[in-house]
Amino acid sequence: MQISSVRDTLKELRELGIENIADVHYQLPPEELTAQTVTLGQGCLADTGALVVNTGEFTGRSPKDKFIVKDAITEKTVNWNDFNLPITAACFDKLYGRITRYFAGKPVWVRDCQACADPEYRINIRVITETPWSNLFAYNMFLRPHEEELEQAESGWTVIQAPGCLADPALDGTRQQNFAAVSFTRKMIIIGGSAYTGEIKKGIFTILNYLLPQEHNVLSMHCSANQGKAGDTAIFFGLSGTGKTTLSADPQRKLIGDDEHGWTRSGVFNFEGGCYAKTIDLSEEKEPQIFHAIREGALLENTPFFPGTNKINYADKSITENTRVSYPLHYIDNALEPSVGALPKNIFFLTCDAYGVLPPVSRLTPGQAMYQFISGYTAKVAGTEAGVTEPKSTFSACFGAPFMPLHPARYAQMLGERMRRHAVNVWLINTGWTGGAYGTGNRIKLNYTRAMITAALNGQLDQVAYKDHEVFGVAIPESVPGVPSEILDPRNTWADGAAYDAQARDLAGQFVKNFEKYAAQADPEMLAAAPKVK
């Protein structure tokens, strides 16, 4: 890259078509980015010293407005569907021209960073943003190379983010004014019309999910990971709200990362250099490590204050339920550095089952593990989305379908091969409801979930007796240290066993219907792992 001065950076921006800018702010430290945000009136400080911003209209990703250029590289490799949406190279060029022209007369923030903690797979990233706080997000979330590394770095991917740049759907081929578009040929991601910083993070995740499996035979995973004192690695898969970040932040284990990882022939590595945690209902008691990471340098999004104060009200959902904080990985005091772990011994599939059907902990066969992985199930509860008045199932292949450009079977086959080769234990953990569905039953206590995971990690569930669930076939342990045995079989927690049976059959039917689209690529063992619908 040869980027050691503002003059060099200006030259390289001009080569990208970004010209006549008012000023360039290159590689600023967090304290300067925070101060600039406050001075510009784009954010304010919480009593902890963390920067608080409002992302405006978009408080989450917009998957229907994310595009991949369909060209000679991607045409036959991308799994084109409702979230891998094609766009022509000509349309990308129009958007690119629009976003580069947009910066004329404006200040620009530029950061050079990296992804992939394992040096063998590392990529260089240049992030160009319209605001200082989006640049702070990039500082927090990606790897932070030393200056001498930047001097020797080769060109990599470029991310350009301009929330104020709006597309013209009639001219640009977009659905609406906001867009996120990826070109593998140009090695570029452009984001316009949305200030939600998660688009930057997931854009890089998407390209890694495309490149690593094909070019390096590395399984890319939407998961968190940690490591025990004996060097044993655990992986946690789960959709948003299932506890992936919370349960991997274990003070007794080193945190490898909270969201994105690769599984190589020798171990697991983090893609990122930071964490992007949900903060809704955050408390020091339940999640002390995340709570204490919210300090100077952390970036909070859409978190309201208590009236008349700068104290954060983590229970306030008035802006969005998807309140977030980003912070560097080293803000977690037991983070593993570098964030590269050994081969995993345990895999946990996390689901928040708002129907109260699935056991709080169960052991899976390889076939069941592959079935659950491709299903990627969780259930949203009433009140989290407009119009949702009862539990609503969500199936997201590989626990991250919107970020997976290849066919889900590709990732599933890679996971299955690694599970068998390394004899990995696979567990299904329900962090949702027991004793009935949402509105009737109760949320499974976090301390019980932690006890179940600890027992699995310590090998305490290797010798206990198990019984199979009548519908889903998963093996339910009959005892777990520190957990009341009566809650382990979910049917026993319902006042009406017949009502439980009906609910279980209904959920099983949803699984079977969802899996129909993958059945042609599934092997007999996987098909045999489907729940039994009577």
Side-chain angles (χ1 to χ4, degrees), residues 117 140-141 201 205 219-263 267-294 298 324-352 360-361 373 376 378 398-400 415 424-432 444 446-458:
N140 286 345
M141 294 307 303
K201 165 188 163 70
F205 187 39
L219 172 60
S220 54
M221 305 177 292
H222 186 213
C223 68
S224 59
N226 62 26
Q227 181 174 283
K229 294 177 181 178
D232 59 299
T233 297
I235 290 174
F236 300 79
F237 286 98
L239 300 175
S240 180
T242 58
K244 186 158 45 68
T245 299
T246 299
L247 293 169
S248 59
D250 183 340
Q252 303 303 314
R253 298 174 65 84
K254 293 284 188 181
L255 179 67
I256 300 173
D258 81 326
D259 197 43
E260 303 172 6
H261 294 81
W263 186 340
V268 170
F269 68 91
N270 191 356
F271 290 169
E272 302 180 298
C275 299
Y276 193 41
K278 293 191 77 168
T279 60
I280 199 68
D281 294 324
L282 179 68
S283 70
E284 184 177 17
E285 178 186 4
K286 290 183 179 179
E287 299 169 282
Q289 293 190 311
I290 298 172
F291 186 89
H292 290 292
I294 301 177
R324 294 274 182 172
V325 62
S326 70
Y327 49 83
L329 192 63
H330 62 257
Y331 275 28
I332 300 295
D333 56 17
N334 65 333
L336 184 66
E337 294 189 25
S339 46
V340 180
L343 290 166
K345 292 188 175 181
N346 289 278
I347 294 175
F348 297 93
F349 293 159
L350 307 177
T351 179
C352 179
V361 58
F373 183 66
T378 193
C398 309
F399 294 97
L415 180 64
V424 183
N425 297 315
V426 185
W427 310 89
L428 180 64
I429 302 290
N430 176 17
T431 62
I444 296 168
L446 180 59
N447 62 315
Y448 288 164
T449 301
R450 289 193 190 279
M452 296 170 200
I453 289 174
T454 298
L457 291 171
N458 292 343

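The structure displayed is predicted, hence computed values, not measured ones.
Counting all heavy atoms, side chain and backbone alike, Gly231 lies closest to Ala342 at O-CB, 3.5 Å. Residues Gly238 and Phe399 share a closest heavy-atom pair of CA-CD2, 3.8 Å. Taking both residues in full, the closest heavy atoms of Ala298 and Ala293 are given as CB-O, 3.7 Å, listed atom of the first, atom of the second, then distance. Contact record, Ala117 with Ser339: CB-OG, 3.4 Å, taken as the closest heavy-atom pair. Between Leu247 and Leu446, the closest heavy-atom pair is CD2-CD1, 3.9 Å.
In this structure, OG on Ser224 lies 10.0 Å from CZ on Phe348, to the nearest 0.5 angstrom. The CD1 atom of Ile235 sits 13.5 Å away from atom NZ of Lys345, with the distance rounded to the nearest 0.5 Å. If you take NE2 on His261 and OG1 on Thr233, they are separated by 9.0 Å, rounding to the nearest 0.5 Å. Taking CD1 of Ile347 as the start and CZ of Phe349 as the end, the distance is 6.0 Å to the nearest 0.5 Å. If you take CG on Leu239 and CG on Leu350, they are separated by 9.5 Å, rounding to the nearest 0.5 Å. Separation of atoms CD1 (Ile453) and CG (Asp250) is listed at 8.5 Å; rounding is to 0.5 Å.
Judged purely by atom type and a 3.5 angstrom limit, Thr431 uses its side chain to pair as donor or acceptor with the backbone of Thr242. Under the 3.5 Å distance criterion, the side-chain polar atoms of Arg324 are matched with a main-chain donor or acceptor of Tyr276. A donor-acceptor pair is defined here as one N or O able to donate and one able to accept, closer than 3.5 Å; no such pair exists between the side chain of Ser326 and the backbone of Asn140. When atom types are taken as modelled, the side chain of Arg253 and the backbone of Asp232 share a donor-acceptor pair closer than 3.5 angstrom.
Of the residues listed (Thr246, Val325, Ile290), the one engaging Leu282 in a side chain to side chain contact (heavy atoms under 4.5 Å, CB included) is Ile290, and it is the only one.
Thr245 has its side chain out of reach of Asp259: every pair of non-hydrogen atoms, C-beta onward, lies at least 4.5 Å apart. Counting heavy atoms from C-beta on, the side chains of Pro360 and Ile429 never come closer than 4.5 Å. Side-chain contact between Asn226 and Phe236 is present, with heavy atoms from C-beta onward closer than 4.5 Å. Counting only heavy atoms from C-beta outward, the side chains of Pro344 and Trp263 approach each other to under 4.5 Å. At a threshold of 4.5 Å between non-hydrogen side-chain atoms, the residues Leu255 and Leu336 do not count as touching. Under the 4.5 Å side-chain criterion, counting only non-hydrogen atoms from C-beta, Val340 is not in contact with Ile256. Phe271 places a side-chain heavy atom less than 4.5 Å from the side chain of Ser220. By the 4.5 Å heavy-atom criterion applied to side chains, Asn270 and Leu329 are counted as neighbours.
One finds no salt bridge joining Asp258 and Lys244 here, because no Lys/Arg side-chain nitrogen approaches an Asp/Glu carboxylate oxygen to under 4.0 Å.
Asn334 pairs by the side chain to side chain contact (heavy atoms under 4.5 Å, CB included) definition with Lys254, Gln289, Ile332, not counting sequence neighbours.
Taking the six-membered ring for Trp, Phe373 and Phe237 have ring centres closer than 6.0 Å. Taking the six-membered ring where the residue is Trp, the centroids of His222 and Phe205 are separated by under 6.0 Å.
Judged as a salt bridge (Lys or Arg N to Asp or Glu O under 4.0 Å), the pairs with a partner in residues 270-289 (not counting sequence neighbours) are, in order, Lys201-Glu272.
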